[in-house]
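In what follows, every chain begins at residue 1, and chains take the letters A, B, ... in the order their sequences are listed. Side chains included, hydrogens not; waters and symmetry mates left out as well; all remaining heavy atoms used.
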There are 2 protein chains.
Amino acid sequence: MAVTIRDVAHASGVHVSTVSRTFSAPHMVNAETRTRVLAVAEKLGYRPNRAARALTTGRTGNLGLIVADLANPFFPPLIKAAQAAARGQDYHLFVADTDENPVEEQDLVQAFSKQVDGIVLCSPRSSNKALEKLAETIPFVLVNRRMRGVPTVVMDVAQGARAAMGHLAGLGHRRVALVAGPAGSWTSGEIRRAVAEVPGLDTLVIGPNAPTEEGGAAVAERVAEAGVTGVLAYNDLVAIGLIEALEERGVSVPGDVSVIGVDDSVTGRLHRPKLTTVAMPAADAGRMAVDLLIKSMSAATVLETHLVVRESTAPPKGIP
Amino acid sequence: MAVTIRDVAHASGVHVSTVSRTFSAPHMVNAETRTRVLAVAEKLGYRPNRAARALTTGRTGNLGLIVADLANPFFPPLIKAAQAAARGQDYHLFVADTDENPVEEQDLVQAFSKQVDGIVLCSPRSSNKALEKLAETIPFVLVNRRMRGVPTVVMDVAQGARAAMGHLAGLGHRRVALVAGPAGSWTSGEIRRAVAEVPGLDTLVIGPNAPTEEGGAAVAERVAEAGVTGVLAYNDLVAIGLIEALEERGVSVPGDVSVIGVDDSVTGRLHRPKLTTVAMPAADAGRMAVDLLIKSMSAATVLETHLVVRESTAPPKGIP
DNA sequence: GTGAAAGCGCTAACAT
DNA sequence: ATGTTAGCGCTTTCAC
């Protein structure tokens with residue numbers, strides 16, 4: 001068994017509460033007692049048990065971040081930024097991956113719920129109903145999913161999608177395809193809705209598809225046979241998978257078919273041909289989500305009051 | 001405040017211990033009491049508090065995994081495999097990123113230590129001495145770092161590095177460079193040692209360097225001026241950064257300089273020219289590390305006994 | 001099969 | 001400034 005607060009108390013001849021205070025409210029304990037306790041603690045290798053502390057204080061000092069797929073290059077920049085924001089406010093950030101599985105997603109929220117103070121849920125795949133239930137359990141912030149009553153950070157992908165389709169139209173394309181993302185994805189829905197509004201384009205929607213290279217490769221056949229000359233893919237991975245599979249079939253990109261991705265990931269930048277893509281402010285989203293989470297967790301927002309001096313007050317009589 | 005075991009006990013007219021048993025030892029409670037308790041718990045939305053449970057049982061059901069940089073494509077496959085292995089044995093896996101910072105690394109181990117049952121520490125950057133101290137706190141398994149007394153999974157990168165240098169020698173290269181990795185990296189040390197043994201090659205060692213594209217790009221000048229015709233880079237990211245920076249300077253790859261990476265990451269496969277690289281069994285490492293960790297945590301390994309029948313036993317007298 | 005009670009490691013009033 | 005006491009939510013003897 002590890003060394004506890006009690007061992008330290010014994011060894012330094014003070015009470016447990018004094019040891020406790022030495023760590024959580026140092027200014028409340030006599031300087032020389034403090035140094036003695038600290039020395040003993042150091043010698044014994046004492047480490048406060050944060051889980052036990054959380055039991056009384058209700059605060060763990062941890063945040064959770066849940067993503068659909070860590071291997072998707074969209075997420076690392078978001079995670080890194082979230083982490084930096086968390087560290088800057090003295091929180092630790094723990095990450096988990098749902099493998100695109102809604103059940104696992106809900107399970108992970110539960111698993112996190114008593115060990116973190118709040119959760120950032122990125123691109124959730126669960127239904128709104130399921131998310132609403134979870135929201136009662138623990139504070140969370142959603143990224144790329146809009147939901148009534150839950151703090152949210154979304155990226156205006158609709159605007160990007162319209163720009164992408166506009167770019168294709170401007171190049172002279174008329175018959176194009178949208179290779180959509182997975183079923184539970186809010187982003188994919190946004191893109192679908194957005195492209196429907198772009199005039200002058202005959203848009204075939206293909207999907208839902210897995211948000212991976214495999215997902216893109218799997219629809220290459222249909223894209224090649226559909227007679228489209230332009231494609232907007234759900235994300236860079238899908239775009240790349242599609243491009244590679246098209247070229248295997250002798251369809252050249254962008255010679256025969258133009259392809260646009262979404263995310264502006266490192267992967268897309270390194271691919272050849274260099275991928276035209278819709279840039280997503282992932283790092284900003286990560287940072288803001290954490291800031292929002294921490295803000296939403298603070299017990300109450302304190303609004304300033306100010307004194308309005310009118311005519312009901314005056315110096316007491318006798319004071320000129 | 002969330003609903004606790006006590007609320008459920010009250011509402012279902014039994015004692016807390018019965019509710020506790022309903023969840024942690026269902027067979028010890030009467031079937032109809034159990035269904036009643038379960039129904040009430042469901043209605044109230046009761047969730048066992050795993051942190052509180054951990055306080056008495058000493059078991060959290062969580063594992064931690066710490067990596068130097070989530071954005072390095074080497075890690076996601078490792079993490080995914082580790083996660084699958086953990087889920088398969090009913091553990092949750094929480095991931096954290098140290099940003100290549102040894103202090104942060106130690107800090108994270110501490111932060112994890114009371115909320116997980118064990119930690120997989122991948123490519124640690126801390127000193128052996130620091131790691132030894134941490135190893136007393138909590139069970140952990142090291143990946144790509146060898147240390148006395150700590151379970152370890154390492155990849156035989158030395159053999160891969162020799163093969164890489166052999167490949168260059170076979171192609172006729174004589175003056176080559178090793179672009180090494182960061183200071184704390186065991187892998188980088190292994191590679192350095194390995195390449196020193198390869199005969200017939202005049203090897204310039206450049207480093208330590210950051211294990212990123214920037215790290216590779218930063219040494220392009222030196223590589224170009226060193227008059228080497230072949231390079232082994234610490235990893236794929238460094239190799240790619242180097243290649244891009246060389247080509248910007250008009251040095252063609254592999255026309256003027258051959259470059260080899262390490263990791264066989266997705267990123268390397270998608271880059272053009274397609275990267276020659278040393279494949280690392282990252283997924284295997286992730287899976288094995290988790291298996292090893294769980295095995296090392298089990299209180300004791302139980303060895304089978306068997307009965308050896310010799311001559312000291314016989315039927316009782318009177319039984320023919 | 002279920003209840004009573006102690007205790008996991010820690011913090012937070014309340015005393016002194 | 002320090003000690004006392006009562007829990008936080010849960011499990012686990014020990015009785016009955």
* Asked: If you pin Val16(B) and His15(A) to their nearest nucleotides in DNA chain D, which one's is more 5'?
  -> His15(A)
* Structure fact -> Testing dT2(C), dC8(C), dG3(D) for proximity to the side chain of Val29(B), the answer is dT2(C)
* To do: Tell me yes or no: between the side chains of Asn128(A) and Arg148(A), is some donor less than 3.5 Å from an acceptor?
  => no
* Asked: Counting only side-chain N and O atoms of Arg6(B), is one of them less than 4.0 Å from OP1 or OP2 of dC8(D)?
  -> yes
* To do: Can you tell me the distance, in whole Å, between the NE2 atom of His10(A) and the P atom of dG3(D)?
  => 12 Å
* Rounded to the nearest angstrom, tell me the gap between atom CE in Met28(B) and atom P in dT11(D). => 13 Å
* For the pair made of CG in Asn49(A) and C1' in dC8(C), what is the distance, rounded to whole Å? -> 9 Å
* Asked: Base, sugar-phosphate, or nothing for Phe23(B), non-hydrogen atoms under 4.0 angstrom?
  -> nothing
* Do the charged groups of Asp69(B) and Lys80(A) touch, with an N to O distance under 4.0 Å? -> yes
* Asked: Among dG3(D), dC10(D), dC8(C), which is the nearest nucleotide to the side chain of Ala52(B)?
  -> dC10(D)
* Give a yes/no on whether any side-chain N or O of Ser17(B) is located under 4.0 angstrom from OP1 or OP2 of dA5(C). => no
* Counting side-chain heavy atoms from CB outward, which of dG9(D), dG3(C), dT11(C) is closest to Leu55(A)? -> dG9(D)
* To do: Assess the side chains of Asn62(A) and Gln115(A): does a donor N or O sit below 3.5 Å from an acceptor N or O?
  => no
* Structure fact -> Considering only heavy side-chain atoms of Ile5(A), the closest of dC10(C), dG9(D), dG3(C) is dC10(C)
* State which of dC8(C), dT2(C), dT2(D) makes the closest approach to the side chain of Thr18(A). => dT2(D)
* Whole-Å distance between dG9(C) P and Asp7(A) CG? -> 8 Å
* Asked: For the side chain of Arg145(B) and the backbone of Trp186(B), is there at least one donor-acceptor N/O pair under 3.5 Å apart?
  -> no
* Value in whole Å for how far the C1' atom of dA1(D) lies from CZ of Arg36(A) -> 12 Å
* Structure fact -> Out of dC8(C), dT12(D), dT4(D), minimum distance to the side chain of Thr57(B) belongs to dT12(D)
* Structure fact -> Between CZ of Arg59(A) and P of dA12(C) the distance, given in whole Å, is 12 Å
* To do: Let me know the distance between CD of Gln115(A) and C1' of dC10(D), rounded to the nearest Å.
  => 14 Å
* **Closest-nucleotide 5' rank along DNA chain C - winner of Thr56(B) and Asn30(B)** => Asn30(B)
* Decide yes or no, distance alone: a donor-acceptor N/O pair under 3.5 angstrom between the base of dG3(C) and the side-chain of Arg21(B). => yes
* **Lys NZ or Arg CZ of Arg59(A) over Tyr91(A) ring: under 6.0 Å, within 45°** => yes
* With respect to the phosphate group of dT11(C), does any side-chain polar atom (N or O) of Ser20(A) fall under 4.0 Å of OP1 or OP2? -> yes
* To do: Please confirm whether the backbone N or O of Thr98(B) pairs with a side-chain atom of Glu105(B), one donor and one acceptor, at under 3.5 Å?
  => no
* **Protein-nucleotide distance (Arg50(A), atom CZ; dT11(C), atom P), rounded to Å** => 11 Å
